[in-house]
Protein chains: 2
Amino acid sequence: MGIFGGQGDPERSMALLWAAPGAGDTRVAPGPRPGLSVDAIVEAAIAVADAGPVEGLSMRAVAERLGRSSMALYTYVPGKGELLDLMYDRVHAELPTRYDPDGGWRAAVTAWAGDLRAFYLRHPWVLQVSYARPVLGPNEQAVLEALTGILYETGLPARTLRSVVSALFHFVRGMAQTIAESRLAATATGVSDREWWVSRAGMLEKVAPDFAERFPMSVRLGRETADQYDDGAEGTSYLERGAEETFGTGLAVLLEGIEATRRNTSPGGSPEPGGAPWSPEGRAP
Amino acid sequence: MGIFGGQGDPERSMALLWAAPGAGDTRVAPGPRPGLSVDAIVEAAIAVADAGPVEGLSMRAVAERLGRSSMALYTYVPGKGELLDLMYDRVHAELPTRYDPDGGWRAAVTAWAGDLRAFYLRHPWVLQVSYARPVLGPNEQAVLEALTGILYETGLPARTLRSVVSALFHFVRGMAQTIAESRLAATATGVSDREWWVSRAGMLEKVAPDFAERFPMSVRLGRETADQYDDGAEGTSYLERGAEETFGTGLAVLLEGIEATRRNTSPGGSPEPGGAPWSPEGRAP
DNA sequence: CAGAACTCCTTATGCCGTACGGTATTATCG
DNA sequence: CGATAATACCGTACGGCATAAGGAGTTCTG
């Protein structure tokens, strides 16, 4: 999903993204002194986006926070899309650029994933930015660089490594998104996760009394994992505690997969991990 | 990423979702004969959404396709959010509800993932619907049921199984989203993936001449995986062929992870897969 | 035939991004 | 000093969006 970044004059976008942080101080041009700066606008926009749902991020809202009219922003930034690209890369500077390799790649990947997860939860709007045509700013590149460096330790061939990088990103993004949206929904509607699920379960019973026969496996899974978080502890919500376990376990499974693939590969045999081959045609109509 | 579904009167939403397909034929109420139906509206909306980017899905556009005014839709459907929920569940009926268990769980999961991927590519807008507070319709439930059934074959404990289900969904969604957005960007801007990357690479060189020193691992990965798809074959695009390999390999790694976790677990020992434990605090500022 | 129930429409409100043109400010050049 | 040009910022306006409110016409039940 994704909201798309700017499309107007990519050269200008890239220049803005990669501009040295404190550049362009000396002023010689005529005209009134600039009261704003690209940096200030990006910062304000991040604050607005962090404060609520993505839809709240409007040019008007950002300008208001800076005491200007929305049109004043267009002096500094080509449009909303480009602003989003700048915000996107800027916040990525929060993430570590290096992980200690001494503890082994598993520990490093685990730390990387945890940091990224926490980062997405701090800035959920980042998850709205499309990653098909990446922003290609320096800070996101650094995050990718860190993970790539860690994974080269595994000795996996480059093509497999690329796949693993993708899988890890998608996993962390997906998990974080679930939690972020859940939080958002809770504050937006005033209904907690638990209340929501309880009420929904009740409705399901009414509207689909044959649920247990139609979906036996789902019911079984629900039964066997239920009641674990019913202790009513404070702090994180019902769903979030479950999500944390899901994250940890899922990540562990992925790491096991990397380890196993590594073992299969390193003898110098086929560069492909084992398992059934996959071909792109779906079987559905 | 996520557009949220309806929030007005959940009872009505659930009733609409779980309504029997051909129900409510006999007409006794006064008033003019209904010229539309929920089904017809949902179908039209799906057609509109499939035809282009999600932003093109507006109440006006759907109504226009049906020869009505946008407000006429509100007679049948509470609002856009609820309509989206209905569309979401409706298309999920395209997916198989059962996978042959005789070939083993690996083959079945592979088939499931391939089908789901193809499905998302047929209906990219589905990826925009939030899955934090699931729609909980019958057809999506059936997809979950199918995967759960397959995975119970592995003998994994329920809690691990839940994590694996999540990981698989996030993986397929993420991979499909990359391709879908890439296609969208290509048709929207008229610039192919390859052109885009080439042009971007050129800009990067200009704007960040020290790229190779700053990001050596990324450069190495790029070098070692480059030129594989340079044969200029027709059909699928440059990026998509890479994405297909990435999908297959990533899925294989995941399956390896499931297999390894299964082996670690089945002796009756700890129900947790191996590897470093994960704790929810990030280390970043 | 009266009244109620129902479908569908027109209109209006308040958002959004941003195009256009105007005004005030500040530098440089003569 | 005055003229000129470049710049920052603003007011207004356009076309889009979801949807609230209320009205017109249609079809049933009594």
Which residues share a side chain to side chain donor-acceptor pair (under 3.5 Å) with [X], sequence neighbours left out:
| X | result |
| --- | --- |
| B:Arg90 | B:Asp39 |
| B:His123 | B:Asp50, B:Glu94 |
| B:Ser218 | A:Gln141, A:Glu145 |

Original post:
How many angstroms lie between CZ in B:Arg122 and CD1 in B:Ile46, if you round to the nearest 0.5 Å?
Top reply: 12.0 Å
**OP:** Give the ring-plane orientation class for B:Trp18 versus A:Phe211, where under 30° counts as parallel, over 60° as perpendicular and anything between as tilted.
**Re:** tilted
How long is the line joining [atom1] of [X] and [atom2] of [N], in whole Å?
| X | N | atom1 | atom2 | value |
| --- | --- | --- | --- | --- |
| B:Glu82 | D:dA18 | CD | C1' | 12 Å |
| A:Leu36 | D:dA8 | CG | P | 10 Å |
| A:Tyr76 | D:dT7 | OH | P | 12 Å |

Please list, chain by chain and in numerical order, all residues satisfying side-chain contact (heavy atoms from CB on, under 4.5 Å) with [X], sequence neighbours excluded.
| X | result |
| --- | --- |
| B:Ser192 | B:Arg194, B:Glu195 |
| B:Ser70 | B:Met59, B:Arg60, B:Ala63 |
| A:Ala146 | A:Tyr99 |
| B:Ala72 | B:Arg68, B:Ser69 |

Subject >> Heavy-atom contact window of chain A on DNA chain C, given 5' to 3' at under 4.0 Å >> reply: C:dC16 to C:dA27
**OP:** Give B:Leu83 one of three labels, base, sugar-phosphate or nothing, depending on what nucleic acid heavy atoms sit under 4.0 Å from its own.
**Re:** nothing
**OP:** Have a look at B:Ser69 and say if it touches a base, only the backbone sugar-phosphate, or nothing, with a 4.0 Å heavy-atom cut-off.
**Re:** base
Original post:
For A:Thr75 and D:dA8, is the shortest distance between a side-chain N/O and OP1 or OP2 below 4.0 Å?
Top reply: no
**OP:** At under 4.0 Å between heavy atoms, which parts of nucleotides 19-30 of chain D does protein reach? Answer with one letter per nucleotide, 5' to 3': B base, S sugar-phosphate only, - none.
**Re:** BBB---BBBBS-
Original post:
According to the ring pair (Phe, Tyr, Trp, His ring centres under 6.0 Å) rule, which pairs have a member within residues 68-97 of chain A, sequence neighbours left out?
Top reply: A:Tyr88-A:His92, A:His92-A:Phe119
Subject >> With B:Phe171 via ring pair (Phe, Tyr, Trp, His ring centres under 6.0 Å) - residues at least two apart >> reply: B:Phe247
Could you list, one pair per line, each protein nitrogen or oxygen that sits under 3.5 Å from a nitrogen or oxygen of nucleotides 1-3 of chain D, together with the distance?
none

